[in-house]
J.: 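If you scroll down you'll find the structure; I have some questions about it.
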Amino acid sequence: VAGARRRPGLLPVAVAGLSSSSSGPPSGGKRRKGQRRGEAKPQPQPLPGHSEIPSNKKANARPAKDRRKVRPAEEAPQGPSGQGQEIELRKQPPEKPKRVVRWRCATGCGACCKLDKGPEFPTPDEVFADFPDHLQLYKSMIGPDGWCNNYDKSNRTCNIYEDRPFFCRVEPKVFEEFFGVPRSKFDREACSACVDNIKMVYGQDSPELGNFKRVIREESSKHEASMNEGTHSPK
């Protein structure tokens, strides 16, 4: 032990060795009242008429992990049929109805008559892959500057408007045949195509684009008003 005191790191090991070699309790241990030094601690004896040793723990004591307060589960309200109904914690806001969009050509635009549209658009070969006759006619109409040969730039009108080719007509049947657009989505797709063409030809901040959007708002408002009149009209 004297050697261990000079080396604090070995002190616990030396004391443990001395404690295990002694027959009595450790010298630093606390003695019970009436117990002599060196005597073993008396073991508790069973009560008369009982075979088990009494314990300090309560008989009905709940384990520590089970002492947490248990909250009863809430029951779902019962409907008329007796089945539980789910409680809606948060009311979902009603979905906004889609805005009515109606396409109409804007007079004095002519952006769709720019047949050579550049790399951002599908090529004629891609659009008319299954229609070789339309492809040949389309390419024959492209002028040196990329505009249609039948387009009058001075007043922005088509010289063959009444007899224009099938692919020049902005109609549901054309969009469905060439682009696979269903009738229900024609107006939105047509408006989107016109916006892309106008941005490409005249620019994003051009008066032509502003005029087209104004025309679409007016046409859409008229169509929506007519739909509401038909809905509320007396039968």
Side-chain angles (χ1 to χ4, degrees), residues 92-231:
Q92 298 294 336
E95 296 183 0
K96 295 182 179 180
K98 290 185 178 180
R99 183 171 56 90
V100 177
V101 176
R102 195 73 170 181
W103 177 87
R104 195 184 78 183
C105 182
T107 305
C109 176
C112 59
C113 296
K114 182 68 178 295
L115 302 184
D116 187 7
K117 302 183 182 302
E120 296 182 359
F121 292 80
T123 63
D125 297 271
E126 294 174 346
V127 177
F128 303 107
D130 299 330
F131 308 93
D133 295 338
H134 290 296
L135 176 61
Q136 184 178 358
L137 178 59
Y138 187 93
K139 289 184 176 181
S140 66
M141 295 169 58
I142 302 176
D145 55 356
W147 286 87
C148 178
N149 293 325
N150 302 302
Y151 179 66
D152 188 353
K153 298 178 183 177
S154 59
N155 54 17
R156 295 187 177 183
T157 57
C158 177
N159 295 329
I160 58 170
Y161 186 78
E162 297 298 332
D163 300 324
R164 65 192 184 278
F166 177 74
F167 51 75
C168 289
R169 302 174 183 270
V170 184
E171 300 174 357
K173 185 177 181 180
V174 177
F175 272 63
E176 184 174 2
E177 185 168 348
F178 289 133
F179 307 107
V181 177
R183 177 64 182 87
S184 59
K185 297 182 179 180
F186 162 73
D187 288 286
R188 290 185 178 275
E189 291 295 332
C191 291
S192 179
C194 286
V195 168
D196 292 341
N197 276 276
I198 295 173
K199 287 182 179 180
M200 182 268 298
V201 176
Y202 301 115
Q204 185 172 357
D205 300 325
S206 62
E208 289 82 0
L209 182 59
N211 180 58
F212 175 75
K213 290 182 177 180
R214 178 187 60 81
V215 170
I216 296 304
R217 286 196 300 268
E218 293 176 356
E219 187 69 17
S220 301
S221 299
K222 291 179 182 179
H223 182 66
E224 186 174 8
S226 63
M227 291 175 59
N228 294 334
E229 290 179 0
T231 303

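Counting begins at 1 with the first residue of the sequence. Bear in mind the structure is a predicted one, so any value in this text is a computation, not a measurement. Just so it is clear, the values below take in all heavy atoms, side chains as well, and ignore hydrogens, waters and symmetry mates.
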J.: Measure the spacing between CG of D145 and NZ of K114 and express it to the nearest 0.5 Å.
T.: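 Interatomic distance, D145 CG to K114 NZ, rounded to 0.5 Å: 7.5 Å.
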
J.: Output the distance between atom CD (E219) and atom SG (C191), rounded to the nearest 0.5 Å.
T.: 9.5 Å

J.: Mind checking the NE2-CD spacing from H134 to E177? Nearest 0.5 Å is all I need.
T.: 6.0 Å

J.: Which word best sums up how the rings of Y138 and F128 line up, parallel for under 30°, tilted for 30 to 60°, or perpendicular for over 60°?
T.: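 The arrangement is tilted - the two ring planes meet at 30° to 60°.
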
J.: V170 vs F186, test: side chain to side chain contact (heavy atoms under 4.5 Å, CB included). Steps then yes/no.
T.: CA-CA 9 Å; V170 184; F186 162 73; 4.0 Å; yes

J.: Check the pair R214, N211 against side chain to side chain contact (heavy atoms under 4.5 Å, CB included), reporting the backbone distance first and the verdict last.
T.: CA-CA 5 Å; R214 178 187 60 81; N211 180 58; 2.6 Å; yes

J.: Relative to the ring of Y151, is the ring of W147 parallel (under 30°), tilted (30 to 60°) or perpendicular (over 60°)?
T.: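 Ring orientation of W147 relative to Y151: parallel.
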
J.: State whether the side chain of S221 and the backbone N or O of R217 hold a donor-acceptor pair below 3.5 Å, judged by distance alone.
T.: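 Pair found, side chain donor or acceptor close to backbone of R217.
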
J.: Can you tell if the side chain of K222 reaches within under 4.5 Å of the side chain of R102, non-hydrogen atoms only?
T.: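 No, too far: nothing below the 4.5 Å cut-off.
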
J.: What verdict does the side chain to side chain contact (heavy atoms under 4.5 Å, CB included) test give for S206 and I198, after you've listed the backbone C-alpha separation in whole Å, the side-chain angles of each residue and the deciding distance to 0.1 Å?
T.: CA-CA 8 Å; S206 62; I198 295 173; 4.0 Å; yes

J.: Going from SG on C112 to CZ on F167, what distance comes out if it is rounded to the nearest 0.5 angstrom?
T.: 11.5 Å

J.: Within a strict 4.5 Å, meaning less than it, do heavy atoms of the E189 and F179 side chains meet?
T.: no

J.: Taking atom NZ of K117 as the centre, does the number of heavy atoms from other residues, nucleotides or ligands within less than 6.0 Å exceed 12?
T.: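 Counting other residues, nucleotides and ligands, NZ of K117 exceeds 12 neighbours.
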
J.: To the nearest 0.5 Å, how far apart are CD in E171 and CZ in F166?
T.: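 Interatomic distance, E171 CD to F166 CZ, rounded to 0.5 Å: 7.0 Å.
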
J.: Is any side-chain heavy atom of F121 closer than 4.5 Å to a side-chain heavy atom of V127?
T.: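 Sidechains of V127 and F121: no contact.
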
J.: Any chance you could lay out the salt bridge (Lys or Arg N to Asp or Glu O under 4.0 Å) test for K199 and E120, step after step, and finish with the verdict?
T.: CA-CA 12 Å; K199 287 182 179 180; E120 296 182 359; over 6 Å; no

J.: How long is the span from the CG atom in L137 to the CZ atom in F131, to the nearest 0.5 Å?
T.: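 Rounded to the nearest 0.5 Å, the CG-CZ separation comes out at 14.0 Å.
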
